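What follows is a single structure, written as structure tokens, with notes after it.
Proteins get letters first, then strands, A, B, ... in listed order; numbering begins at 1 in each. These numbers come from a predicted model, not from an experiment.
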There are 2 protein chains.
Amino acid sequence: MDFVSHLTNNNIKPSLQRIKIFEYLYDNRKHPTVDTIYSNLVEDIPTLSKTTVYNTLKLFIDNGITATVTIEDNEVRYDAIMEEHAHFKCDTCGNVYDVEIDISTLKFKKIKAFKVETTNIYLKGKCNKC
Amino acid sequence: MDFVSHLTNNNIKPSLQRIKIFEYLYDNRKHPTVDTIYSNLVEDIPTLSKTTVYNTLKLFIDNGITATVTIEDNEVRYDAIMEEHAHFKCDTCGNVYDVEIDISTLKFKKIKAFKVETTNIYLKGKCNKC
DNA sequence: TCTAAATTTGTAATCATTACAATTTTATAA
DNA sequence: TTATAAAATTGTAATGATTACAAATTTAGA
Ligand SMILES: [Mn+2]
Ligand SMILES: [Mn+2]
Ligand SMILES: [Zn+2]
Ligand SMILES: [Zn+2]
């Protein structure tokens with residue numbers, strides 16, 4: 001994955017902070033919160049500001065290369081994997097995992113009244129390590 | 001729907017505030033926020049406190065008669081309909097509607113690694129009135 | 001190099017939620 | 001009924017996440 005090209009292709013100037021934040025999201029795939037992103041990256045970029053993390057994530061979302069994961073009502077997580085997939089959160093360890101979904105089985109019956117543009121599927125329970 | 005019995009059956013003492021809050025959720029089915037619930041009910045109960053709304057909703061959730069709807073990352077909504085259903089939010093008017101789902105079509109392939117206990121499905125787009 | 005635009009940063013403000021102690025209401029026993 | 005204790009409600013203060021905003025820094029172009 002060429003992060004610089006990916007940002008450039010999506011009209012985002014590839015600054016150091018932007019590259020590092022996107023790289024962190026894409027490589028770790030742990031659906032981190034802003035605090036987690038900031039805490040981990042500030043080791044690499046000592047001058048990093050939490051405001052920059054917020055600004056950058058908003059920029060990513062506006063340009064369609066990041067999405068929020070709102071599986072919990074008290075934390076906002078971020079995800080740079082844009083291929084359709086569901087999420088599972090383990091109530092015990094708190095990790096959020098990607099879940100492959102077979103879209104064909106996901107068609108709803110008669111949602112005539114709505115034009116659906118985005119779908120989010122959130123599962124909770126216990127993971128096999130817990 | 002006998003709200004007093006419903007609360008009592010779920011180990012919740014049916015105070016005036018609790019009855020009114022549950023009644024509001026169940027009858028309107030608009031997935032309101034705490035602010036909306038408070039604003040509407042304080043007309044009936046002038047002494048109502050927003051803290052009571054928070055406390056009561058937490059009590060309802062802990063006793064399994066209410067659930068949160070986290071379709072948006074900047075607002076927590078509440079729902080007293082516990083039968084399995086999905087939610088659709090119209091990006092234009094902002095309303096959140098219930099969507100019937102055919103559970104049989106919703107089975108995922110191979111989620112062996114997880115024991116799923118709860119499922120939430122959130123859709124977004126445009127409703128037929130917008 | 002010089003200048004302007006874009007980006008980053010730090011601080012203050014805002015807003016939702018929680019903590020907590022005081023008040024009020026309800027239940028129980030004398 | 002009255003007294004007492006427990007439960008519920010309330011108001012205010014504290015907390016924590018997010019946003020607003022202006023200053024500082026970096027980048028790009030002339
Ligand atoms: Mn994901
Ligand atoms: Mn609903
Ligand atoms: Zn786990
Ligand atoms: Zn609409």
Side-chain angles (χ1 to χ4, degrees), chain A residues 3-4 7-8 10-25 31-63 65-79 94 96, chain B residues 3-4 7-8 10-25 31-63 65-79 94 96:
Chain A
F3 297 118
V4 171
L7 295 177
T8 304
N10 287 278
N11 304 311
I12 297 170
K13 201 176 295 181
S15 69
L16 172 68
Q17 289 86 344
R18 288 168 180 177
I19 295 167
K20 288 286 190 183
I21 290 172
F22 192 86
E23 180 185 35
Y24 182 83
L25 281 177
H31 315 92
T33 62
V34 163
D35 268 322
T36 304
I37 297 168
Y38 173 78
S39 300
N40 282 88
L41 289 185
V42 77
E43 298 174 5
D44 277 310
I45 313 169
T47 60
L48 183 64
S49 163
K50 200 174 283 184
T51 301
T52 298
V53 179
Y54 277 106
N55 292 341
T56 302
L57 291 169
K58 176 169 170 30
L59 183 71
F60 288 173
I61 291 168
D62 290 346
N63 289 78
I65 63 169
T66 293
T68 57
V69 176
T70 59
I71 198 169
E72 209 70 73
D73 65 6
N74 61 348
E75 63 182 18
V76 180
R77 291 164 172 265
Y78 296 87
D79 194 348
V96 174
Chain B
F3 297 116
V4 172
L7 294 177
T8 303
N10 287 277
N11 304 312
I12 296 169
K13 200 176 296 181
S15 70
L16 173 68
Q17 289 86 344
R18 291 168 178 177
I19 295 168
K20 288 286 190 183
I21 291 171
F22 192 87
E23 180 184 36
Y24 181 83
L25 281 177
H31 314 93
T33 62
V34 163
D35 266 323
T36 304
I37 297 168
Y38 173 78
S39 300
N40 282 88
L41 289 185
V42 76
E43 298 173 6
D44 277 311
I45 313 170
T47 61
L48 184 65
S49 163
K50 201 175 282 186
T51 299
T52 298
V53 179
Y54 277 105
N55 290 342
T56 302
L57 290 170
K58 174 167 172 29
L59 182 71
F60 287 174
I61 291 168
D62 290 346
N63 289 77
I65 63 170
T66 293
T68 56
V69 176
T70 59
I71 197 169
E72 208 72 74
D73 65 6
N74 62 349
E75 61 181 21
V76 179
R77 292 166 172 265
Y78 296 87
D79 193 349
V96 173

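Counting any heavy atom pair closer than 4.0 Å across all strands shown, B:T33 reaches no nucleic acid atom.
In this model, the phosphate group of C:dT18 is not approached by any side-chain N or O of B:Y54 to a distance below 4.0 Å at OP1 or OP2. Close to C:dT9, at under 4.0 Å from its OP1 or OP2, lies a side-chain N or O of A:Q17. For A:S15 and C:dT7, the shortest distance from a side-chain N or O to OP1 or OP2 is not below 4.0 Å. Distances shown here put every side-chain N or O of B:T51 at or beyond 4.0 Å from the OP1 or OP2 atom of D:dG11.
Of the listed residues (A:T33, A:N40, A:L41), just one forms a side chain to side chain contact (heavy atoms under 4.5 Å, CB included) with A:I37, and that residue is A:L41.
Across the protein-nucleic acid pair, A:L57 atom CG and D:dA17 atom P stand 15 Å apart, rounded to whole Å. Whole-Å rounding puts the B:K58 NZ to C:dA19 P distance at 9 Å. What separates NZ of B:K20 from P of D:dT10 is a distance of 14 Å, to the nearest Å. Between the CD1 atom of A:I45 and the P atom of C:dT7 there is a distance of 16 Å, rounded to whole Å. To the nearest angstrom, P of D:dT26 lies 15 Å from CZ of A:R18. Between the CD1 atom of B:I37 and the P atom of C:dA16 there is a distance of 14 Å, rounded to whole Å. The distance between atom CG of B:N74 and atom P of C:dC15, rounded to the nearest whole Å, is 13 Å. Distance CG (A:N55) to C1' (D:dT26): 16 Å, rounded to an integer number of Å.
Separating the CG atom in A:D62 from the CG atom in A:L57 is a distance of 11.0 Å, to the nearest 0.5 Å. A distance of 8.5 Å separates CD of B:E23 from CG of B:D44, quoted to the nearest 0.5 Å. Taking OG1 of A:T70 as the start and CZ of A:R77 as the end, the distance is 11.5 Å to the nearest 0.5 Å.
Picking from C:dT9, C:dT17, D:dT9 the nucleotide with the shortest atom distance to the side chain of B:T52 gives D:dT9. In this structure, of C:dT9, D:dA8, D:dT9, it is D:dA8 that holds the atom nearest to the side chain of B:K13. Listed candidates were C:dT9, D:dA17, C:dT17. Nearest to the side chain of B:V76 is C:dT17.
With 3.5 Å as the limit, one finds no donor-acceptor pair spanning the side chains of B:T36 and B:S39.
Mapping B:D73 and B:P46 onto DNA chain D by nearest heavy atom places B:P46 closer to the 5' end of the strand.
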